[in-house]
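So that the names make sense, note that chain A is the first sequence line, chain B the second, and so on, each numbered from 1. Values in this document were obtained by computation on a predicted structure and should not be read as measured data.
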2 protein chains.
Amino acid sequence: MEPKGDNIDRPLHPAGFMTCETGSNEGLPGCGSIDFTVAVVLPAGGSGERTGLLTPKQFCKFLNRPLISYTIQAFERVAWIENIVVVVAKDNLDLMVNIVQQFGHKKVTVVLGGSTRHRSIFKGLQAFQGRGDESPLTKPKVVIIHDAVRPFVEEDFLLKIAVAAREQGASGAIRPLVSTVIATTSEGYLDHSLERVKYRASEMPQGFMYDIIYQAYVQCSEADFEFGTECLHLALQYCGTNAKLIEGPSTLWKVTYKRDLFAAESIIKETLSQAACVVTGVCAESTQLAHALQKRLGALDMQVDIISTLLRSTGKFISKSWNFIHVTVSNSCLEDVQELVRTFEESGHAVLYPVVLILVQLDVSEQSSASERMAMLGAIRDVATEARRRNILLYGILLNHVQGAEKWQEAVENLSQITAALIKERNPALTGQLLWV
Amino acid sequence: MEPKGDNIDRPLHPAGFMTCETGSNEGLPGCGSIDFTVAVVLPAGGSGERTGLLTPKQFCKFLNRPLISYTIQAFERVAWIENIVVVVAKDNLDLMVNIVQQFGHKKVTVVLGGSTRHRSIFKGLQAFQGRGDESPLTKPKVVIIHDAVRPFVEEDFLLKIAVAAREQGASGAIRPLVSTVIATTSEGYLDHSLERVKYRASEMPQGFMYDIIYQAYVQCSEADFEFGTECLHLALQYCGTNAKLIEGPSTLWKVTYKRDLFAAESIIKETLSQAACVVTGVCAESTQLAHALQKRLGALDMQVDIISTLLRSTGKFISKSWNFIHVTVSNSCLEDVQELVRTFEESGHAVLYPVVLILVQLDVSEQSSASERMAMLGAIRDVATEARRRNILLYGILLNHVQGAEKWQEAVENLSQITAALIKERNPALTGQLLWV
């Protein structure tokens with residue numbers, strides 16, 4: 001994608017977005033003010049006709065993970081959110097339970113939905129009443145309702161919604177209208193167009209005092225359950241609560257069409273590609289090459305850390321990056337790589353996102369013999385096949401130490417281009433290949 | 001992207017969408033009814049703040065081509081559209097002129113825009129009045145106004161818009177609302193929400209009798225020029241023309257945010273990957289492998305043609321596909337590949353989209369020596385460097401003819417996966433590599 005620039009659709013805090021650990025409240029404006037309990041209801045019963053796909057879009061996968069798991073992760077990493085109730089249709093119950101297990105979601109309770117969105121949300125709210133439930137969830141002070149197909153919601157905005165809901169009884173995200181909204185005559189002609197500035201698109205998340213939204217659903221009519229679309233409207237109609245409307249960031253966008261699935265995949269790939277970690281060992285040539293790579297990849301918007309070894313590191317780097325470049329001059333590096341793969345496996349780091357591991361072998365000797373290279377290729381392939389099963393993508397690059405500063409510059413540039421391409425695309429089909437610079 | 005399914009955001013007629021030749025009207029419903037002149041005005045003066053990019057989004061590139069060139073192509077391929085007036089800001093005039101030259105756009109006239117969207121559209125319309133213009137364009141009966149950032153508009157819908165404009169004086173595309181639209185109080189609280197069913201989003205393209213929209217602009221006020229957003233509204237207000245509203249396909253979506261640029265790139269890559277052409281030569285093993293590939297790639301939604309040679313073919317296949325797989329058992333295949341590169345260059349086929357050319361060498365002998373392979377790698381790389389300058393992406397794959405039906409099946413499956421990955425990603429950084437199966 002050219003040219004480079006800020007991606008305002010992407011979560012503003014990639015580190016937070018990417019971490020698989022529960023986030024902290026540090027440095028969040030007014031975060032201390034969360035002195036009440038907050039839970040989330042995530043209706044995921046939609047059938048997703050509009051994507052033109054066979055699978056409901058919340059269950060469509062990219063990078064081996066269904067969309068809804070990314071959305072769950074967005075809430076799970078927020079320390080002050082206690083429970084996430086995911087409401088699914090009967091047909092998807094087992095699928096959803098498996099997703100929760102496979103991706104290690106800890107705060108999730110899966111419940112069965114109703115025939116419409118509003119019925120499903122009500123079922124989700126009832127989960128906190130413990131009706132016919134052996135282990136009822138504790139009733140929260142504030143409940144946030146969100147869409148399963150808006151994976152990029154961030155902690156700072158959730159905080160605004162929760163605090164406003166606590167203060168006003170209800171709150172909702174709004175966005176400016178992208179298109180002009182027009183009223184049509186019954187014959188299909190233009191009647192009039194609305195003044196854009198006076199209207200907003202109502203988006204998710206929305207926040208409510210639990211008792212308010214629960215009471216609204218208890219009182220609302222069959223027609224509301226059947227045809228209603230707007231929770232804020234129910235809170236107003238049945239509890240007289242005027243929701244506080246908060247302008248949200250564009251990251252709140254909703255995955256509606258298949259093109260949105262493409263976009264979500266690209267955004268996540270780009271975010272995963274923001275940082276890499278180069279492991280050099282102790283050898284001088286490796287370290288020199290690492291610094292050259294750091295410079296080049298920096299120019300491609302990739303922030304690169306250089307360390308001598310991961311194995312003896314605290315795991316700080318492992319949890320920080322999803323991309324590792326192992327630079328070596330020895331031929332015996334494959335043991336190290338196998339060791340790394342084991343380390344990643346034990347850390348559980350590759351459960352949420354595929355980890356890219358690039359083995360760069362610097363050939364400082366006179367060109368090593370062709371048969372030596374063949375041997376290396378074979379070896380890499382065996383390790384790669386194993387690693388791929390663990391969601392670790394291993395690629396090999398062989399770099400000849402060419403003579404002449406200019407040629408060397410060019411070689412390093414090519415190496416950077418190939419490295420960046422492998423990291424950005426994370427393509428399993430190319431793992432185990434030995435590329436050449 | 002999983003799972004497979006129809007992509008309703010992608011143009012419904014990829015062949016039409018992809019062809020670089022001017023389309024024909026054959027088989028288009030009521031297309032004979034175009035017995036009047038049609039021109040297009042494409043305002044492209046936007047600054048594109050919302051993408052968060054430095055470059056206005058209509059000039060952002062993917063696959064080496066700016067977005068606006070894709071949009072121009074969507075109109076240029078329509079035989080019954082005579083002229084396309086592109087209106088740009090002063091700063092982008094040279095850039096736009098270069099784009100028209102580089103991508104060989106034949107029907108385009110570039111004119112200077114005004115300070116607002118409406119002023120720019122008016123300037124575009126004035127181009128047909130020949131004011132201060134040595135070579136005025138002939139005034140069309142109907143003018144279609146579109147956004148430079150909606151690249152996927154299709155001939156059949158343009159036809160509906162043009163015909164309705166001819167009959168009703170004005171016509172416009174509408175889409176259902178994706179979000180609920182709400183009115184807010186001055187204090188930022190919910191006032192009321194609109195009934196979704198009664199309203200539509202007004203999209204582009206819109207069509208007008210030229211004289212109607214031109215007169216509307218002649219009469220409209222400074223306030224309209226400054227703050228107006230809706231051309232249909234001007235036609236109604238100043239000429240009493242009620243536009244006919246036509247429900248458009250989701251392919252009309254507007255590139256608004258950076259995520260939309262990602263989506264557009266993915267859609268075009270996917271569309272380019274729908275068909276491939278396998279060139280076998282005369283040898284039996286190649287033909288056998290080609291048929292196995294055809295089967296496997298078919299399972300990956302890629303339609304594969306098999307031919308013995310491109311060079312002696314009429315060019316029918318060259319204009320049909322952007323992906324070519326040259327299967328060979330000989331080591332002397334590189335001459336053929338160089339010949340192919342020349343053929344593509346002469347055909348001008350790679351001007352609009354990068355052509356992928358994959359050389360698959362089937363190693364039927366006892367494993368050829370490592371040094372032979374090194375030699376092949378070097379050779380491929382030299383050709384690839386040349387080809388890449390011509391927007392032709394050359395990759396090599398070496399396939400060992402392993403013994404045993406099961407192992408062979410597996411090898412062919414891997415070959416298909418790698419081939420599909422190279423075609424889908426079209427990554428220049430990996431050209432000249434020799435991959436191994």
Counting heavy-atom pairs under 4.5 angstrom with chain B, the leader among A:T241, A:V197, A:N242, A:N414 is A:N242
Given a strict heavy-atom distance threshold of 4.5 Å, which part of B:L377 is in contact with chain A: side chain, backbone, both, or neither?
-> side chain
Nearest heavy-atom approach of B:S202 to A:S179 is O-CB, 3.6 Å
Can you name the nearest heavy-atom pair linking A:Y257 to B:V178, along with the distance?
-> OH-CG2, 4.3 Å
With a 4.5 Å heavy-atom cut-off, do B:E270 and A:F262 have their side chains touching?
-> yes
Atom CH2 in B:W436, atom CG in A:L435: separation rounded to 0.5 Å?
-> 11.0 Å
Please flag which part of A:Q433 lies under 4.5 Å from any non-hydrogen atom of chain B: side chain, backbone, both or neither.
-> side chain
Contacts of A:H118 that satisfy ring-ring contact (aromatic ring centres under 6.0 Å, His included) - sequence neighbours left out = A:Y217
Contact summary for B:R259 and A:A263, nearest pair of heavy atoms | O-CB, 3.4 Å
Please report the C-alpha distance between B:K424 and A:E425 in whole Å, then the side-chain angles of each, then the deciding distance to 0.1 Å, and finally whether the salt bridge (charged side-chain N to carboxylate O under 4.0 Å, His left out) criterion is met.
-> CA-CA 11 Å; B:K424 288 215 160 100; A:E425 295 183 347; over 6 Å; no
Which answer fits B:K198, side chain, backbone, both or neither, if we ask what part of it has an atom under 4.5 Å from a heavy atom of chain A?
-> backbone
Distance-minimising heavy-atom pair for A:A429 and B:Q417 | CB-O, 3.7 Å
List the atom of A:T180, the atom of B:E230, and the distance in Å for their closest heavy-atom pair.
-> CB-OE1, 3.6 Å
Between A:V437 and chain B, which part of the residue has a heavy atom less than 4.5 Å away: side chain, backbone, both or neither?
-> backbone
Please work out whether the ring planes of A:H192 and B:Y199 are parallel, tilted or perpendicular, with thresholds of 30° and 60°.
-> perpendicular
Among B:L245, B:L430, B:L63, which has the most heavy-atom pairs under 4.5 Å with chain A?
-> B:L245
When rounded to the nearest 0.5 angstrom, what is the spacing between CD in B:Q237 and OG in A:S193?
-> 9.5 Å
For chain A, which residues from residues 181-191 of chain B lie under 4.5 Å away (heavy-atom distances)?
-> B:V181, B:I182, B:A183, B:T184, B:E187, B:G188, B:Y189, B:L190, B:D191
Contact part of B:I174 toward chain A, heavy-atom cut-off under 4.5 Å: side chain, backbone, both or neither?
-> side chain
For chain B, which of A:E247, A:E195, A:M204, A:R381 has the most heavy-atom pairs under 4.5 Å?
-> A:R381
Counting heavy-atom pairs under 4.5 angstrom with chain A, the leader among B:A421, B:A243, B:A201 is B:A243
Structural part of B:L236 lying under 4.5 Å from a heavy atom of chain A | side chain
